[in-house]
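The structure under discussion appears below in the form of structure tokens.
Residue numbers count from 1 along this sequence. Read the numbers this way: they start at 1 and go in the same order the structure lists the ligands and their atoms.
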Amino acid sequence: MAPLLSLLHQAATRLARPHTLRAVRLCAARLSSSAPALNRAVVFSENGNPTQVLSVKSYEPLPPPPPGALNVRFRLSPINPSDINIVQGVYPAKPTRVTISGKELSVGGNEGLAEVVEVGDGVQGFEVGDWVISGKQQAGTWSTTRTLRADDTIKLPAQGLSEVNAATIAVNPATAFCMLHEFLDLKEGDWVLQNGDRLVGQAVIQIAARKGIKTINFVRTRHVIANDIDNLIASLTSLGANHVFTYESLEDRTLGKNIKQWTAGNPIRLMLNCVGGPTTLAMTRYLGENAHLVSYGAMSKQPLALPTSAFIFKNLQAHGHWQSRWYKEHSRQDREDLMDVLTALQLKEPEHEILDLSDEDNDGLATQKLRHALDRMERPYGRKILLRL
Ligand SMILES: NC(=O)c1ccc[n+]([C@@H]2O[C@H](COP(=O)([O-])OP(=O)(O)OC[C@H]3O[C@@H](n4cnc5c(N)ncnc54)[C@H](OP(=O)(O)O)[C@@H]3O)[C@@H](O)[C@H]2O)c1
């Protein structure tokens, strides 16, 4: 978006002026659709290490959309851990296939904010300039443009979302919200244990805090930057976390006593886990009777072994949550409602880096830039990357 339009857009978003916002978006969409289009996609022809197999390829402008479809231009598309797993070939979902210069390739990306640039015949409820996300999983969002079926497209609320929040709303905040609401009817004052401190974990903290639900969070000790752990604790606390500990504290015998004091002896009945392995097992010690352990990730790549006694004597219930399954099993209306609820929560933008490849005219140089960024992201404590193609 041109700088002036971008400023106007930010101002309209902050001031929540839907008409101004729509006008700015329309204007920007027209400018971007009339600009000489360099369409790019991040593709791979075989599974493997993303820093070796992913490349950036230009493709021809899209033809007008067929009836019932929309042409969209992606504005920002995140690289999530599951996207990396798809490239590696270790995730149970298939990427979108595209043909570029006569070669069939897989295009990455499941999530991203797009803007409607052309509306096909017979489509109702969408206008040029609308902000949308794909309701279908693995839509190949690491592309400049795509044609989407209108039936598979979800319109985002016309106000209240920044570009970054809109681009990252459908996976992580949605997962956090569903896990906090689908397994138990938590009430104000209830407690939740969790071990993720990034996108999902931070969304859990914020959504829980808005409802007066309290969180006890376990994180890794950070060695990379001095005092980084203090910064992390301060930042999670500012989002609404009640207590933040490193995994080493799980060995501290006084922790159980403290937890009992904070919870006034009320049982903790929900734990959210994206790590697995021994630290997750140690955390389950603090769950009360009839608790639900919900696993949604396995970042440590270690199995989760649970004591049989917890199932027998404490009636522990262990579940998995997969947001893709939630989307498959729910109606379009449910998804739109979820987006409305998440927008209204006004979550803080996740910490991120925007990798802008749109001004790089050479595919080879754009590929190099992408691979360097992936390498940075894969290092411990790397930041979330959002692609602008
Ligand atoms: N099931 C679903 O529907 C669903 C939806 C969204 C996300 N997920 C999954 O949830 C996980 C987190 O997603 P995210 O977007 O929040 O990812 P992220 O931003 O990359 O965060 C990853 C989290 O895992 C921690 N972590 C990474 N490696 C670890 C290790 N070896 N031991 C302990 N902790 C480790 C990180 O801790 P540090 O901050 O210390 O690095 C961070 O808290 C991923 O596995 C993702 O695939 C699942």
Considering distance alone, does some N or O of [X] sit under 3.5 Å from an N or O of ligand 1?
X: Ser324; answer: no
X: Val275; answer: no
X: Asn80; answer: no
X: Asn195; answer: no
X: Val200; answer: yes

Counting from 1, what ligand 1 atoms have a heavy atom of [X] closer than 4.0 Å?
X: Leu199; result: 15 (O), 16 (O), 19 (O)
X: Gly297; result: 45 (O)
X: His321; result: 1 (N), 2 (C), 3 (O)
X: Gln323; result: 2 (C), 3 (O)

- Message: The test is side chain to side chain donor-acceptor pair (under 3.5 Å); show your working for Lys384 and Asn80 and say whether it passes.
- Response: CA-CA 8 Å; Lys384 172 72 62 194; Asn80 286 319; 2.9 Å; yes
- side chain to side chain contact (heavy atoms under 4.5 Å, CB included) partner of Phe44, the single match among Ser55, Pro95, Pro50: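 Among Ser55, Pro95, Pro50, the one that satisfies the side chain to side chain contact (heavy atoms under 4.5 Å, CB included) with Phe44 is Pro95.
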Should the pair [X]-[Y] be classified as a salt bridge under the 4.0 Å nitrogen-to-oxygen rule?
X: Arg40; Y: Asp363; answer: yes
X: Glu163; Y: Arg75; answer: yes
X: Lys155; Y: Asp130; answer: yes

- Does the separation of the ring centres of His321 and Trp326 fall below 6.0 angstrom?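 No: the rings miss the under 6.0 Å criterion.
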Of the listed options [options], closest to [atom] (non-hydrogen atoms):
atom: atom 12 (C) of ligand 1; options: Gly196, Cys274, Gly320, Ala203; result: Cys274
atom: atom 5 (C) of ligand 1; options: Asp197, Thr168, Leu232, Thr175; result: Thr175
atom: atom 44 (C) of ligand 1; options: Lys384, Arg198, Met299, Arg220; result: Met299
atom: atom 9 (C) of ligand 1; options: Tyr296, Phe218, Tyr247; result: Tyr296

- Message: Parallel, tilted or perpendicular, judged at 30° and 60°: which one describes the rings of Phe183 and His319?
- Response: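 It falls in the tilted class, 30° to 60°.
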Donor-acceptor list for residues 307-318 side chains, cut-off 3.5 Å, not counting sequence neighbours:
unit_1 : atom_1 : unit_2 : atom_2 : d
Lys314 : NZ     : Leu287 : O      : 2.7
Asn315 : ND2    : Asn290 : OD1    : 2.9

Kindly list each side-chain donor-acceptor pair under 3.5 angstrom involving residues 101-110, sequence neighbours excluded, with atom names and distances?
unit_1 : atom_1 : unit_2 : atom_2 : d
Glu104 : OE2    : Arg97  : NE     : 3.1
Ser106 : OG     : Arg97  : NH1    : 2.7
Asn110 : OD1    : Gln138 : N      : 2.7

- Going by heavy atoms, is Asn172 under 4.0 Å from ligand 1?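 Flag set, Asn172 near ligand 1.
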